[in-house]
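Report on the structure given below.
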Amino acid sequence: MESEAIVIARDLVKVYGDGAEVRALNGLTMTVGRGEFIAVMGPSGSGKSTLLHIIGALDRPTGGEVWVDGQNLARVRDLDAFRARTVGFVFQLHNLIPTLTARENIEVPMMDQPVSRRERRRRAEELLERVGLRERMNHLPNQLSGGERQRVAIARALANRPALLLADEPTGNLDSQSGAEVVGLMRELNQDLGMTIIIVTHDPAVAGRAHRILLMQDGRIIEERRPEEMRVNDPVTD
Ligand SMILES: Nc1ncnc2c1ncn2[C@@H]1O[C@H](COP(=O)(O)OP(=O)(O)OP(=O)(O)O)[C@@H](O)[C@H]1O
Ligand SMILES: [Mg+2]
């Protein structure tokens, strides 16, 4: 069902450097369906972040091709517009602007889009409501807990209504309780809004909440697991 696929990657290769070459991706092929919640796991250095960067057009592959939301990324003329509108990114470090409030941080990605000031504010408030932080609207990042900051970062990633949310170890810096809340929020976004999500994680409890888990090694996907298989020793239950 390729028509329902939101991400198609074929034979992706990514080689970094020219002298001492690193093959970060080595013939990776994957398909993600619209509305799926996918976890990517694998050892450090297996290419997980590289894969997300290529899907999100933050970097280009050395070989192979990638289609996102019906667009071949090699042919996209305006990559800035693609990044701004089609994908939302959440990283391990929230990267919120410390001098701006939660609401203002969420408004930032809408600044260079054709969205009026009033509409920006309305959407930011709606998103804060959605991530459960309406009362924290006027707080600065350092007045929020780690989990709350990550929820603001998620709201910011959704500001331009992307088709796809990419999250690179979004719970990596959080205690297990806050991590569970952040993943719980992502699951809600997936279920309620049909948001397609790809999350990179080292945490089996986090991966256990996805629909499918892709295991990477040496720049390829070597195995696919079901969430039940991750939940064996999982302290987080729902
Ligand atoms: N900009 C770069 N220049 C050179 N090599 C890089 C660059 N970025 C990543 N690499 C190398 O590519 C390989 C894959 O890196 P990547 O960051 O994708 O791994 P990862 O699976 O995300 O690891 P981690 O779990 O530690 O975040 C690693 O060997 C890394 O050293
Ligand atoms: Mg990484």
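One-based numbering along the sequence shown. Read the numbers this way: they start at 1 and go in the same order the structure lists the ligands and their atoms. Computed from a prediction, not measured in an experiment: that's the story for all the values here.
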- request: Please report the C-alpha distance between Y16 and T50 in whole Å, then the side-chain angles of each, then the deciding distance to 0.1 Å, and finally whether the side-chain hydrogen bond (donor to acceptor under 3.5 Å, both in side chains) criterion is met.
  value: CA-CA 10 Å; Y16 287 113; T50 302; 3.2 Å; yes
- request: Evaluate the criterion side-chain hydrogen bond (donor to acceptor under 3.5 Å, both in side chains) for residue pair R187 and N190; output intermediate values, then yes/no.
  value: CA-CA 5 Å; R187 239 172 84 135; N190 173 257; over 6 Å; no
- request: For side-chain hydrogen bond (donor to acceptor under 3.5 Å, both in side chains), just list the numbers for Q143 and R136, CA-CA rounded to whole Å, side-chain angles, deciding distance to a tenth of an Å, and then say yes or no.
  value: CA-CA 9 Å; Q143 297 168 330; R136 299 284 188 278; over 6 Å; no
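When heavy-atom distances to ligand 1 are checked against a 4.0 Å cut-off, M216 has no atom that comes that close, whether in backbone or side chain.
Closest to atom 14 (C) of ligand 1 by heavy atom, among G45, P43, G172, is G45. Of the candidates S49, S44, S46, G42, S44 brings a heavy atom nearest to atom 24 (P) of ligand 1. Proximity annotation for atom 15 (O) of ligand 1: of V200, T50, D59, T50 comes nearest, heavy atoms only.
Looking at ligand 1, you won't find any N or O of G17 less than 3.5 Å from one of its N or O atoms. Note: an N/O pair closer than 3.5 Å links G47 and ligand 1 by distance alone.
Not one N or O on the side chain of D11 forms a donor-acceptor pair closer than 3.5 Å with the backbone of G64. For the pair R149 (side chain) and L144 (backbone), a donor-acceptor distance under 3.5 Å is present. Checked by atom type and distance alone, the side chain of N160 pairs as donor or acceptor with a backbone atom of P109 at under 3.5 Å. In this structure a side-chain-to-backbone donor-acceptor pair under 3.5 Å is missing from T171 to L174.
Within the protein, the N, O or S atoms lying under 2.8 Å from the Mg ion (ligand 2) are S49 OG.
Ligand 1 places these atoms under 4.0 Å from at least one heavy atom of V22: 11 (C), 12 (O), 13 (C), 29 (O). Residue A24 has at least one heavy-atom neighbour below 4.0 Å for each of these atoms of ligand 1: 12 (O), 13 (C), 14 (C).
Here CG of D218 is found 9.0 Å from CE of M216. Values are rounded to the nearest 0.5 Å.
Per-atom contact check: atom 30 (C) of ligand 1 does not touch the protein, criterion being a heavy-atom distance below 4.0 Å. Distance check on atom 20 (P) of ligand 1: some protein heavy atom falls below the 4.0 Å cut-off.
Salt bridge annotation for R121-E107: absent, with no cationic side-chain nitrogen under 4.0 angstrom from a carboxylate oxygen. With respect to the salt-bridge test (charged N to carboxylate O, under 4.0 angstrom), the residues D168 and K48 do not qualify. Using a 4.0 Å cut-off between a side-chain N of Lys or Arg and a carboxylate O of Asp or Glu, E181 and R151 qualify as a salt bridge.
Aromatic ring orientation, F37 versus H211: perpendicular (interplanar angle above 60°, classes split at 30° and 60°).
Remark: of the listed residues E36, E229, E228, E223, E36 is the sole one forming a salt bridge (Lys or Arg N to Asp or Glu O under 4.0 Å) with R212.
Close to ligand 1: H202, with a non-hydrogen atom less than 4.0 angstrom away. Under a 4.0 angstrom heavy-atom cut-off, E169 registers as being in contact with ligand 1.
Among protein heavy atoms, atom 4 (C) of ligand 1 sits closest to Y16 CB, 3.2 Å. Looking at atom 25 (O) of ligand 1, its nearest protein heavy atom turns out to be K48 NZ, 2.7 Å.
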